[in-house]
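Everything numeric here is computed off the predicted structure, so don't read it as measured data. Letters go in sequence order (proteins before strands), and every chain restarts at 1.
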Number of protein chains: 2
Amino acid sequence: MRTIKNSPLTRKLSNFVALTEVELAVLARLHKRRRTFEAGRDLVHQGQSEQAAYILASGWVCSYKTQTDGSRQIVDFQIPGDFLGLRSVLLHTSDHSIEPIMEIQAIEVVVDDLLEAFAQTPRLATAILWAVSRDEAMVVEHLVNIGRRDAGERMAHFLLELGVRLTQVGMATKMGYTCPLTQYHLADTLGLSAVHVNRVLRQLREKGLLTFQSGQVVFDDYDGLVTLAGFDPTYLDQAGPLLKQ
Amino acid sequence: MRTIKNSPLTRKLSNFVALTEVELAVLARLHKRRRTFEAGRDLVHQGQSEQAAYILASGWVCSYKTQTDGSRQIVDFQIPGDFLGLRSVLLHTSDHSIEPIMEIQAIEVVVDDLLEAFAQTPRLATAILWAVSRDEAMVVEHLVNIGRRDAGERMAHFLLELGVRLTQVGMATKMGYTCPLTQYHLADTLGLSAVHVNRVLRQLREKGLLTFQSGQVVFDDYDGLVTLAGFDPTYLDQAGPLLKQ
DNA sequence: CGACAAGTTGAAAATGATCAACATCAGTGG
DNA sequence: CCACTGATGTTGATCATTTTCAACTTGTCG
C-alpha cells in the first residue's frame, strides 16, 4: 500500500530534513486530487498564470521555453517526486511550459495550502528550499553543458546525469536504462539540431562508449564516458540530512 | 543612516512578502560581520564546503564554474541585495566559484542563524524561497539564451537583461549604463570566444543598435535591440507581494 | 495498405573558434 | 621622462563544428 511515508516526494525531502510525524501529516494534507495527463498535451502553458502546482507521481515530463521563431529549449526533465510548476506559482506567472513525455499522474497542490503548511512547519519550508536549490544546481549544470562543451561531450554528460538521477530512484544502473526520449527531445535539450544529435549518437556508438537505440541507453564504457564528458556528479549528491529531528 | 529597513535585501524581499516588525528584527539579527573583498580574488571557491553565505551590499560579482580543461562558464552576475553562496550552504558543498568584478562589500550570514530564523518566522522562509526562485528563472533564461540564440541575439539579450535589472535598482536607464565587464567576461557568460565577442559588438555598433565602449553601454536603438533579441522581461518582473501582512 | 512519426545519411552553407599579429592604455621602476 | 610590462581590445586568415536542406528508411498503428 502506498502511503505518505513512501511517496517519492517524502523520500526526496527526507534526504534533507528528517521529517517528524507531525510534518508528515502536514505533507499528507497537501495531497489533493490525483490527475492523469496524456503525453504531448501541455500541463502548464507559457504565459498562463497558474493557481496550482503539482507533484509528479509517475511518468516523465519536460519543462521548456519556446521562442517567437518557434525554436524551443528544454530546460529540464522531471521524474517522480519532483515538483512541477512551483516556480510559476511563486512568481505568479508561468515563464515556461510543461509537457508530459508519456502519460503521467500528478497530484495537484493548492498554493495557499502550501504557504499555510510553511507557517505550521517551518522545517518543511527548509526542505522545499533545499529541493528548489537542487533543481537550480541542475539547471546551472545544463548551462555549463551547453555553453562550454561540444556536442559529443554534451550528449555524454546529459545521459550520464539522467542515469544518476534515475539510479537514485531505482530506475537505472551503471549498465544503462530505459529512456523514452526522442532525438528531437535530445536536440531541444542540448541546443543542437536533431540531425546532429543523430550523428553524435552514431559517433559515440562507433567509439564504443554508449548505445542509444530503441528506447534503451546502454553504457558500453561508463568510465570512458565520464572522462569524455568531464562528469562530476557532486551537484546531484545527497549529502544527508542537514536538519536532524 | 542605513538601517535594516532600507537595505537592498529588505527592499528585494519586500517585493514578495510584506514583512512585519518582528520579521525585520529577525532579519536584522542575521546581519553579522561586514567584509570587503578585492576584485578578482574568489569569495567562494568551487569544491570548498562553506559555512557562511553572504548578502551583497555593494559592487558586482559573478558566479561561475570552471572545467578541467580550464574553460569557464559564468552562470550569473549578482548585484546589491542578492544572496551569494546560499545554494552552496544549503547543498553542503560549493559547486561553483564567486569572483568580485570590482571591490565589493558583503555581509556574512551564518547558516545556522538562517535556518533558526526560518523556524521563528516562516514567512521569511517563504520570502527567501521566492528570491531563490527568481534567481532560477534568470538562470533558465540564460540557458535559453545560449541554447537557442546566435551570438548577436545573445549579446543583445544579455545586455538588455542587465539593463532591466540595473534599472530596478536605479543604476541604468533605457539610454544605457556604466558596465565594468570586460569582453572576456562577456565571452565566458555567453559561451563565445573573446575574439568573437569583439566582432559581435562591432556588428551591433555598425547596425546602429548599441555601443559598448570604455565601460559604457549605450542603447542606440532600444526597440531594435528588443526585436533582435526577442527580449521579454516578464521573468524579471516583480508582480507585487504574494503574502500580505 | 497507407499514413505518420522517428531515425538515418550526404552535400553544401553558415556560424563561430583558433591562431597570430598588432593597438591602446595604465601602471611601474629606472 | 621614458622604456617596459600586462591587461584589454581589435583585426585578418584559416579551420572546425554544426546547421540546413533534401532524400530516403524503418517501424507502428489505424
Side-chain angles (χ1 to χ4, degrees), chain A residues 38-41 62 67 69-74 99-103 145-156 158-159 178-207 210-217 228, chain B residues 38-41 62 67 69-74 99-102 145-156 158-159 178-207 210-218 228:
Chain A
E38 61 184 289
R41 169 111 26 121
C62 66
Q67 297 191 261
D69 69 358
S71 66
R72 83 168 180 174
Q73 175 67 48
I74 293 180
E99 177 195 300
I101 304 293
M102 52 179 73
E103 182 178 293
N145 207 20
I146 291 188
R148 287 296 175 205
R149 285 192 260 259
D150 71 22
E153 293 164 2
R154 279 185 220 181
M155 181 67 73
F158 172 72
L159 293 176
T178 300
C179 179
L181 304 180
T182 67
Q183 294 185 350
Y184 291 90
H185 284 126
L186 295 174
D188 286 343
T189 304
L190 301 175
L192 299 170
S193 65
V195 170
H196 202 57
V197 162
N198 185 286
R199 289 188 228 276
V200 168
L201 285 175
R202 175 156 55 106
Q203 285 162 20
L204 290 173
R205 199 179 334 120
E206 286 170 354
K207 283 196 233 166
L210 107 90
T211 309
F212 186 172
Q213 273 172 336
S214 323
Q216 290 293 325
V217 172
L228 172 69
Chain B
E38 61 185 290
R41 170 113 22 126
C62 66
Q67 297 192 260
D69 69 0
S71 65
R72 82 168 182 175
Q73 176 66 48
I74 293 180
E99 176 195 301
I101 304 293
M102 51 179 72
N145 206 20
I146 292 188
R148 287 296 176 204
R149 285 193 260 259
D150 70 22
E153 294 164 3
R154 279 186 220 180
M155 181 67 72
F158 173 72
L159 293 176
T178 299
C179 179
L181 304 179
T182 67
Q183 295 185 351
Y184 291 90
H185 284 125
L186 295 174
D188 287 343
T189 304
L190 301 175
L192 300 170
S193 65
V195 171
H196 202 57
V197 163
N198 185 286
R199 289 187 226 277
V200 167
L201 285 175
R202 175 156 55 106
Q203 285 161 21
L204 289 174
R205 199 179 332 122
E206 286 169 353
K207 282 195 234 167
L210 104 89
T211 308
F212 185 173
Q213 275 172 336
S214 321
Q216 289 292 325
V217 172
V218 177
L228 172 69

Candidates C:dG7, C:dG16, C:dA20 - which lies nearest the side chain of B:V195
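Out of C:dG7, C:dG16, C:dA20, the nucleotide with an atom closest to B:V195's side chain is C:dA20.
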Taking all heavy atoms of A:Q73 and all of B:G147, pick out the closest pair and write down the distance.
OE1-CA, 3.4 Å
Contact class for B:G191 (heavy atom, under 4.0 Å): base, sugar-phosphate, or nothing?
sugar-phosphate
Would you kindly give the CG-to-P distance between B:L192 and D:dT17, to the nearest whole Å?
17 Å
Of the listed nucleotides (D:dT20, D:dT11, C:dG7), which one gets closest to any side-chain atom of A:S193?
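Minimum distance to the A:S193 side chain belongs to D:dT20.
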So, is B:N198 close to the D:dT10 phosphate, meaning a side-chain N or O under 4.0 Å from OP1 or OP2?
yes
Donor-acceptor pair, B:R205 side chain versus B:T211 backbone, under 3.5 Å?
no
Of the candidate nucleotides D:dG9, D:dT19, C:dG7, which contains the atom at the shortest distance from the side chain of A:H196?
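Minimum distance to the A:H196 side chain belongs to D:dT19.
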d(CD, B:Q203; C1', D:dT11) in whole Å:
13 Å
Between A:E206 (side chain only) and A:Q203 (backbone N and O only), is there a donor and an acceptor less than 3.5 Å apart?
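Checked: no pair found.
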So, the side chain of B:R154 versus the backbone of B:L190: is there a donor-acceptor pair under 3.5 Å, distance only?
yes
Assign A:A151 to base, sugar-phosphate, or nothing according to its heavy-atom contacts below 4.0 angstrom with the strands shown.
sugar-phosphate
Report yes or no: is there a donor-acceptor pair, N or O only, under 3.5 Å between the side chain of A:R199 and the base of D:dT20?
yes
Closest to the 5' end of DNA chain C, once A:R202 and A:R148 are matched to their nearest nucleotides, is A:R202
Using whole Å, report how far OH of A:Y184 lies from P of C:dG7.
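So the OH-P distance, A:Y184 to C:dG7, works out to 8 Å.
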Does a nitrogen or oxygen in the side chain of A:Q183 sit under 4.0 Å from OP1 or OP2 of C:dA5?
no
